[in-house]
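What follows is one structure encoded as structure tokens, with my remarks underneath.
Throughout, protein chains are lettered first and strands after them, A, B, ... in sequence-line order, and every chain is numbered starting at 1.
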Amino acid sequence: MKRNEKFKLIAFPTVVLLVLSLLSSFNVPTENYSIGDENLDKVLFDLFQEDENTIDVLILGDSLTYSGISPYLLWGEYGYTSFVCGTPSQMINNTYEMLEAALMKQSPKVVLLETNVIYKATQQRSIIQSLFFQAFPILRYHNNWKGLSRDDEGKTIGETRYKGYMLRYAQEKGDASQHMKPTSGVNDVAMVNEYYFEKICNLCEDNNIELIIVSVPSIRYWNYQNHNGVTQLAKEYGVKYWDFNIDEELTIDWSKDTPDKGGHLNLHGAKKLTSRIGQMLSTDIESELTDHRGDKNFDVWNREWEEFKKKIS
Amino acid sequence: MTYFEFDYLVFFLPVLLIIYSILPKKLRPIALLAASYVFFCLACGGRLIVYILASTFTLHYFGLWLDNIQTAKKSALIDIPKEEKKLVKKQYDRKQNEVVVIALLVHIGLLFAIKYLSFFATNLNLVLKNFDTQLNITSFAAPIGISFYTLEAVSYIIDVRRGKLKADRNLFHLALHLAFFPQIIEGPIARYDETGAKLFEGKSLEYPNLANGFIRILYGILKKVLVADRLNPFVGSVFDGYDTYDGGMLALGVLAYTCQLYMDFSGTMDLVIGSAELFGIKLPENFRQPFFSKNISDFWSRWHITLGTWFKDYIFYPVSLSKGMKKFSAFGRKRFNAQVGALMSGSIALFLVWLANGLWHGAAWTYIFFGMYHFVLIVLGNIFEPSIKKVFEKLKIDRNGIVVSSLRIIKTFFFIVIGELFFRAQTLDSAFVMLKGIFTNFTLDGIREGQIFKAGIDFYDVIIVLAVVAFVFFISILKEKNIQIREEFGKLNIVVRWTALIILIVIIVIFGAYGTGYAVVEPMYANF
């Protein structure tokens, strides 16, 4: 090969990478922040409506979070402010992006990460892809040009959300006879998932956030092999792990507390779980959360809590 | 890992090119073989590699066995009386045929067991239910590309039998031919004498090949990532929820699927042919502007070309030129006329081709129906072609004139799209319901109400799809006129060339249907 051909083989990719870098520099997240997915963006939009730096507990994960944990119930019982950044079938690379975006406007003391995302296959199929996406953010946010819907109709995901929580009243009995039978089996966490989990840990550490990984009770979506895998992961990264599927202080009645045969929790189940989470947040964590109920700056929470109470009574 | 993933494009290919370029010539094919096996394991899991290894070993030794018989035959025919030669030939030919039969049973048998056993058992069980008996069949995980490399294996052994090529004594040559990573997942189905032998040349990397291969890869990514993957949610919505849409939406859905399938498959072919071209290896083309076809036969000479030529060479010609068919054809000529005689034997051969074509795509009645649908269209075309030709001649209308040609293209396109409806539908029943809906409930109300924008696609997506389709159409016109686009492009000033390529890359990066908000869409033909 001639010398000038070799030069061109190096020069062209270099120019391409420079162009990608240039495009990425114009793609810095702003007020109109967008991850590029309608569901994720709408939850972020809702979070961005909260007053800045008022959320103490951020909850990340998939549908198990927004079915099982209610920020208003947590407020009502403990006065802690929280928000559920839960979206259907959330993938851990998006969880990381959600957290990164959320930290633009909020400074939570605690992040609860629901464990389903740790096992869910991601769109970013490998660490190489993830590294490339991080080096060139234009690849992550290339859809930003589409913009985020700002009208009232576009605010919520489709069902009404209460600080990210979705009310579910239905009851459909689930069979928990085989649920969480102890085993020594371990389900491995995919490399790229662990890569993002590590990034979430590092992001929390950099921002003085206590990260706690939690497993919301679910017959269908959780099992002991996953529990063992996450236990190992939590130990390796030095984070607390609360598996509410085997919490003796929490008794889920699978004949009444689920709307879909044990896949998720309904309002009954969410009340129990949220209360238990509140209890553990008040006693079992290193951070100290503040009861804001007497704080005038949080009057809107008190008002909204009264409305929520009427709604669910 | 598959072709459109970052790992393949920014890691696997570049690293392999670097390793390939620094290795001595003798070791380069080994690098390609090792990379191919690594790719195979990453694509479908390490354990399934045992299938392709087993196919390679058995095929190699079947080939050597045939070669030994052929060598023995030559020796045996030396210095024997003429009257004995025929008998000796017959004996050795029978031995060779036995070897070929065993080889086919092994390879096609394996394909059948993995891909078709469940389907036939399920259908047989419907009959056995009446006798209170059921078959219990275990399903096997299918290794990626088995439908493709099995056809390559079959063509190799038959070509050795026919004397078209000599069995290769080097196992690694055959191994690379079957496992070569650009073609392992979706073809093209290469012949050993055309491609296999060239894989082991260990050619040096050359700038023109790298440049042209890169452009071809980019073009493939443009088609798949901007159009095919973008249309996927809309197509899925229409075909999954067909009973909620009117005829207009159904027609749009089927049209979108045809576009998706073409962009996905031909885009993948651009990428794999481009990948091979980087190493100076020329793979056969699989598409030649298929939507410019004027009839169904023409379409199948332009769509999935290597599959069509494989069926032609290994099913159609052997069947239609067999002694039995010749006799049948002669009977037809005598009883009716020459045209009918030719049609009779040709149609039987065509029936087998299209049955095989349908089944090759998958073990489902929709695919079998798809094959038979095209069989009927082709036979009807063959039957009426002479009459139609006469009519045009009498009316003194030029069939190749622009107006008639355009009408023929539109007519052919219409039939193709109907065929794709059956190809994509979940079941035959749903396909017929959709077809009925298109013709009996055709209205634009659903489209006017914007139902399309509630079915997984937005206004911007439509604009992007139309823009890229227009660009691909423009490129297709140039190719149809035999304009060597990449050659002409190569003549432009380097600044113009690089600017154009960078703009194309930026368009792919910004408007591609990948990442958050988009589901990963595997190359569609990887499922076959």
Item to check | Interface moiety of A/Phe133 toward chain B, non-hydrogen atoms closer than 4.5 Å | outcome: side chain

Checklist entry - Picking from B/Phe214, B/Phe11, B/Trp498, B/Tyr460, which has the most non-hydrogen pairs under 4.5 angstrom with chain A? => result B/Trp498

Next on the checklist: Under 4.5 Å from any heavy atom of chain B, what part of A/Phe132 do you find: side chain, backbone, both or neither?
Outcome noted: side chain

Checklist entry - In terms of heavy-atom proximity below 4.5 Å to chain A, should B/Glu5 be classed as side chain, backbone, both, or neither? => result side chain

Item to check | Point-to-point distance, once rounded to the nearest 0.5 Å, from CG of A/Leu23 to CD1 of B/Ile505 | outcome: 11.0 Å

Next on the checklist: If I measure from the heavy atoms of chain A, does B/Leu205 come under 4.5 Å with its side chain, its backbone, both, or neither?
Outcome noted: both

Next on the checklist: Taking atom CZ as the centre, does B/Phe459 end up with more than 12 heavy-atom neighbours from other residues, nucleotides or ligands that are less than 6.0 angstrom away?
Outcome noted: no

Checklist entry - Under 3.5 Å, is there a donor-acceptor pair between the side chain of A/His142 and the main chain of B/Tyr514? => result yes

Checklist outcome for this item: Bottom line for A/Lys8: the part with an atom under 4.5 Å from chain B's heavy atoms is both

Next on the checklist: Tell me which of these, B/Gly515, B/Pro14, B/Ala513, B/Ala211, has more heavy-atom pairs under 4.5 Å with chain A than the rest.
Outcome noted: B/Gly515

Checklist entry - At what distance, to the nearest 0.5 angstrom, does CE of A/Met1 lie from OG of B/Ser204? => result 8.5 Å

Checklist entry - Do other residues, nucleotides or ligands put more than 12 heavy atoms under 6.0 Å from the CD atom of A/Glu205? => result no

Item to check | Spatial distance of atom CD1 (A/Ile128) from atom CZ (B/Phe6) [nearest 0.5 Å] | outcome: 11.5 Å

Checklist outcome for this item: Honestly, the part of B/Leu210 sitting under 4.5 Å from a heavy atom of chain A is side chain

Checklist outcome for this item: Okay, B/Val509 and chain A: the region with an atom under 4.5 Å from a heavy atom over there is both

Checklist entry - Under a 4.5 Å heavy-atom cut-off, does chain B meet the side chain of A/Leu20, its backbone, both or neither? => result side chain

